[in-house]
Amino acid sequence: MKTIVLKFGGTSVGSIERIKKAIKIISSHKKGGNNVAVISSAMSGVTNDLVKKSKLISNNFDKAEYDSLLATGEQASCALIAGGLNDIGLKSRSWLSWQIPILTSGPHSGARIENIESKILINYMKLGGIPIITGFQGINSSSRITTLGRGGSDASAIMLAKFLKADECIIYTDVDGIYTTDPRLHKKAKKIKKIFYDEMLEMASLGSKVMQPTSVQDAKLNNINIQVKSSFIKKPGTLITGSKKEFSNQIITGISSTKNDAKITIVGVKDKPGIAASIFKPLSENLINVDMVVQNISLNGKETDITFTIKSEDLKKTEKLIKQNKKISYRELSFDKNVSKVSIIGVGMITTPGITYRMFQALASKKINIMVISTSEIKISVLISDKNIKKAIAVLHKEFKLD
Ligand code: ASP
Ligand code: MG
């Protein structure tokens, strides 16, 4: 008998009608003769609403209480699912994470699952029951409720699949899979049948919001194959996997883009050891995430320019931190809010030369100016002007034969 973990995201349980649809999906997996365990997210909008409420009470809401508050959304959706399954004659009950328990470590709102005491769930499934478990949460060693970060129910599903030694893990969501690029930005985007963990990690952290990045990391570490599918329409989805068998020789798997980037250039800083560290130290202390960084080679050996990107919402704070920074001197500071990062991703580029050239050439053919470049083994990113995003995606999609 197979064991299958099913996860339903917020929109897949976003209304009573959709919950009924989820119940049908769960029942069809059960009737297929499988052990089925379910992780559910809160109904869409609920968690956001709880965040708002906490802010109305305090701008400095206690971190443990914040998690305790945010975790409530999942209790409702899980009970509704279990009640619905009971109604059609199936054995099911809901479980809150502390009742199992799901043990986590790490800070509130950013905890990671360490262990799931799966025996109680396995016994229940042996009796034919379907456990419905709250995603996104656990408890810590002081028995306080923790949450796994927004979108964290993906990680709950993957870790449950690990501790149940499940044969399959299916993530039901509102899109029918992972696409070569955002279909809203490029009509010719196509569904990807199989994608490697590393590629998915790049796609997930670069702005394709289908899966929470840490959950993909968990899947990779534990070698859990994940299927991403729509709960709205019956269609094959995307398989996220580590196995290299049966792969086509597609070089580039997908193209992603970010929004809300900002670029900062510090002109004429002293070219001496420790300067970059002095610039970035206050930013890191203030939890400002720096993404792309370039430092020009200084011509006279005395001065250099440093350019880096951050999220636009951090721009004001960053500007202030640089201006207050007594450890650095510079001639000029400039900002650009209207920039975006476009990246091509694919494990195929490790073994294929000439990809960088083809990317730059394709962008040049559309007269798209590249401001900053960064690369990793399986990714090339360029920073371009916001207004060129669609054009860039279209030309790259075509160049790398994804159309
Ligand atoms: N309900 C949580 C959130 O909105 C967890 C999740 O949806 O995965 O972030
Ligand atoms: Mg989600």
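Start at 1 and go down the list; that is how both ligands and their atoms are numbered. Just so you know, these numbers come straight off a predicted model, no measurement behind them.
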Checklist entry - Between R150 and ligand 1, is there a nitrogen or oxygen pair with a distance under 3.5 Å? => result yes

Checklist outcome for this item: With sequence neighbours left out, the residues meeting side-chain contact (heavy atoms from CB on, under 4.5 Å) with N338 are D336, D386

Checklist entry - Between the candidates S41, A157, G10, which shows the shortest non-hydrogen contact distance to atom 7 (O) of ligand 1? => result S41

Checklist outcome for this item: Counting from 1 in the order shown, the ligand 1 atoms closer than 4.0 Å to a non-hydrogen atom of F136 are 2 (C), 5 (C)

Checklist entry - What is the distance from atom CD1 of I344 to atom CE of M359, rounded to the nearest 0.5 Å? => result 4.5 Å

Next on the checklist: For K119, run the side chain to side chain contact (heavy atoms under 4.5 Å, CB included) check against I116, I122, N123 and tell me which one passes.
Outcome noted: N123

Checklist outcome for this item: Here the atoms of ligand 1 under 4.0 Å from any heavy atom belonging to E74 are 1 (N), 2 (C), 5 (C)

Item to check | G151 neighbourhood, listing ligand 1 atoms whose heavy-atom distance to it stays under 4.0 Å | outcome: 3 (C), 5 (C), 6 (C), 8 (O), 9 (O)

Item to check | From CA spacing to verdict: salt bridge (Lys or Arg N to Asp or Glu O under 4.0 Å), K53, D49 | outcome: CA-CA 6 Å; K53 284 183 174 134; D49 213 43; 3.5 Å; yes

Item to check | 4.0 Å heavy-atom contact, G73 with ligand 1 | outcome: no

Checklist entry - Among the heavy atoms of Q212, does any lie under 4.0 Å from an atom of ligand 1? => result no

Item to check | Distance-only N or O hit between ligand 1 and G149, under 3.5 Å | outcome: no

Checklist entry - Which atoms form the tightest heavy-atom contact between K235 and K191, and what is the distance? => result CD-NZ, 4.0 Å

Next on the checklist: Tell me every residue that passes ring pair (Phe, Tyr, Trp, His ring centres under 6.0 Å) with Y66, counting only those two or more places apart in sequence or in another chain.
Outcome noted: none

Item to check | Heteroatom proximity flag, S153 to ligand 1, N/O under 3.5 Å | outcome: yes

Item to check | Side chain to side chain, I252 and M349, heavy atoms closer than 4.5 Å | outcome: yes

